[in-house]
K.L.:
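A single structure is presented below for examination.
In each ligand, atom 1 is the first atom listed, and ligand 1 is the first ligand listed. Keep in mind that this is a model prediction, so the values were computed, not measured.
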Amino acid sequence: MSVKKAILPVAGFGTRLLPASKSIPKEMITVVDRPAIDYVVQEAVEAGIDTIVLVNHPAKQAIENYFDRNAELESLLEKKNKTQLLDEIRSIVPAHVTVVAVRQSAPLGLGHAVLCAEKVIGDAPFAVLLPDVLVDSQTENNLTQMIAQFAANECSQIMVEDVAPERVDQYGIVKLSEENGVQSNQIVELVEKPAVGQAPSTLAVVGRYVFTPQIFKYLKETTTDKSGEIQLTDAMAKLLNEQKIQSFTLQGDTFDCGSKIGYLKAVAHYALQRDELKDTFRAYLKSIL
Ligand code: G1P
């Protein structure tokens, strides 16, 4: 079963990045010279995804426009012979990739956002990438590896990362099965944002998922929780009664661009990878520290 479609839920208001996110979608805030969401789309495309489904809000059309052609800008760049820039903006979405958008009709949380894309996904496996989280894989693209693990074991995959015990209340937390003291990658329990001290482990769900289409059935059965949201984690916990779900341990770095410190770290991290910037930027950082 190859995984070709991915859902990117982008309808959230991004209250953690106010006031900037009042008029700029948080996904469009720049990391070096590209909007944060561009990194996530490139990651998906690199992993073989050819259909990106944005689950969007009417006020955040800037995201859709970014992935659309801009004929006026293209002809201006053509006239001015700015071929490199022209190539750059034309390759934001490679020719074999389609970006479509559906709307999330009500602010009912991540689970509801995923369900909004059901008609576009159909009866096929799919990935979910949370656009707040940038993943810089250490070796092979982690999503590529998750998709390979999905194909080999025919069950859903969830990326996890160990977090400090005092941060468990910010994440979905998974518990893995253990035999004779050895942990496997089979998930046995999932809980959304448990209170500190009450989590079954410190393994946090960090925003990359590969699902069998059966998850939709459980999303439809899931009701809103005390925060008024339909949680993807709750639907996954139900799916666990029917199918196996495996964890995939992050190999690399994640940056939570929905938070100020995560965003600042992402800018520094990606700037230091750029040939044209890294020496001057490193020297500058040294001079101010
Ligand atoms: C969402 C999910 C949570 C996950 C987190 C990762 O929460 O509900 O399970 O651990 O993303 O970033 P949010 O950060 O949207 O509150």
Side-chain angles (χ1 to χ4, degrees), residues 6-18 21 25-27 29 36-37 39-40 43-44 54-57 60 104 106-117 127-136 142-143 146 156-176 187 189-196 198-211 215 218-219 222-240 245 247-250 252-263 265-266:
I7 300 174
L8 272 64
V10 296
F13 275 121
T15 43
R16 289 185 298 164
L17 283 187
L18 281 169
S21 56
K26 66 180 185 329
E27 296 79 4
I29 291 175
I37 193 169
Y39 291 79
V40 181
E43 174 195 344
L54 302 169
V55 181
N56 204 2
H57 181 278
K60 298 177 75 177
Q104 185 171 11
L108 291 175
L110 177 60
H112 177 254
V114 171
L115 195 51
C116 289
V128 175
L129 293 90
L130 303 190
D132 278 355
V133 185
L134 303 190
V135 176
D136 190 12
N142 280 200
L143 188 62
M146 289 174 74
S156 298
Q157 307 289 323
I158 314 292
M159 185 186 280
V160 298
E161 183 181 20
D162 208 18
V163 296
E166 63 275 14
R167 293 181 61 217
V168 290
D169 59 351
Q170 295 169 33
Y171 296 95
I173 300 292
V174 310
K175 186 181 171 194
L176 302 178
I187 295 176
E189 193 184 337
L190 280 142
V191 44
E192 178 70 6
K193 303 194 176 108
V196 172
Q198 282 171 32
S201 83
T202 50
L203 280 181
V205 175
V206 283
R208 299 293 182 271
Y209 314 75
V210 181
F211 285 117
I215 190 72
Y218 295 105
L219 281 169
T222 304
T223 49
T224 51
D225 66 358
K226 56 181 187 311
S227 69
E229 296 190 348
I230 295 173
Q231 299 297 348
L232 183 56
T233 305
D234 293 346
M236 293 193 289
K238 291 181 183 168
L239 177 65
L240 211 48
I245 305 180
S247 67
F248 175 91
T249 306
L250 165 86
D253 299 301
T254 53
F255 301 95
D256 175 12
C257 279
S259 79
K260 293 177 183 93
I261 188 68
Y263 168 72
K265 286 180 185 173

K.L.:
So, are D253 and K265 salt-bridged, with charged N and O less than 4.0 Å apart?
P.N.:
no
K.L.:
Is any side-chain heavy atom of I158 closer than 4.5 Å to a side-chain heavy atom of F211?
P.N.:
yes
K.L.:
List, for ligand 1, each N/O atom that has a protein N/O partner under 3.5 Å away, with both atom names and the distance.
P.N.:
from     : atom 1 : to   : atom 2 : distance (Å)
ligand 1 : 7 (O)  : K193 : NZ     : 3.3
ligand 1 : 8 (O)  : E192 : OE1    : 3.4
ligand 1 : 8 (O)  : E192 : OE2    : 2.7
ligand 1 : 9 (O)  : G172 : N      : 3.0
ligand 1 : 9 (O)  : E192 : OE1    : 2.7
ligand 1 : 9 (O)  : T233 : OG1    : 3.3
ligand 1 : 10 (O) : G172 : N      : 2.9
ligand 1 : 10 (O) : V205 : O      : 2.6
ligand 1 : 16 (O) : K193 : NZ     : 2.6

K.L.:
Would you say V114 and V55 make side-chain contact, with heavy atoms under 4.5 Å?
P.N.:
no
K.L.:
So do the side chains of M236 and I187 get within less than 4.5 Å of each other, counting heavy atoms only?
P.N.:
no
K.L.:
Mind checking whether L115 and I230 have side chains closer than 4.5 Å, heavy atoms only?
P.N.:
no
K.L.:
Mind checking whether S247 and L176 have side chains closer than 4.5 Å, heavy atoms only?
P.N.:
yes
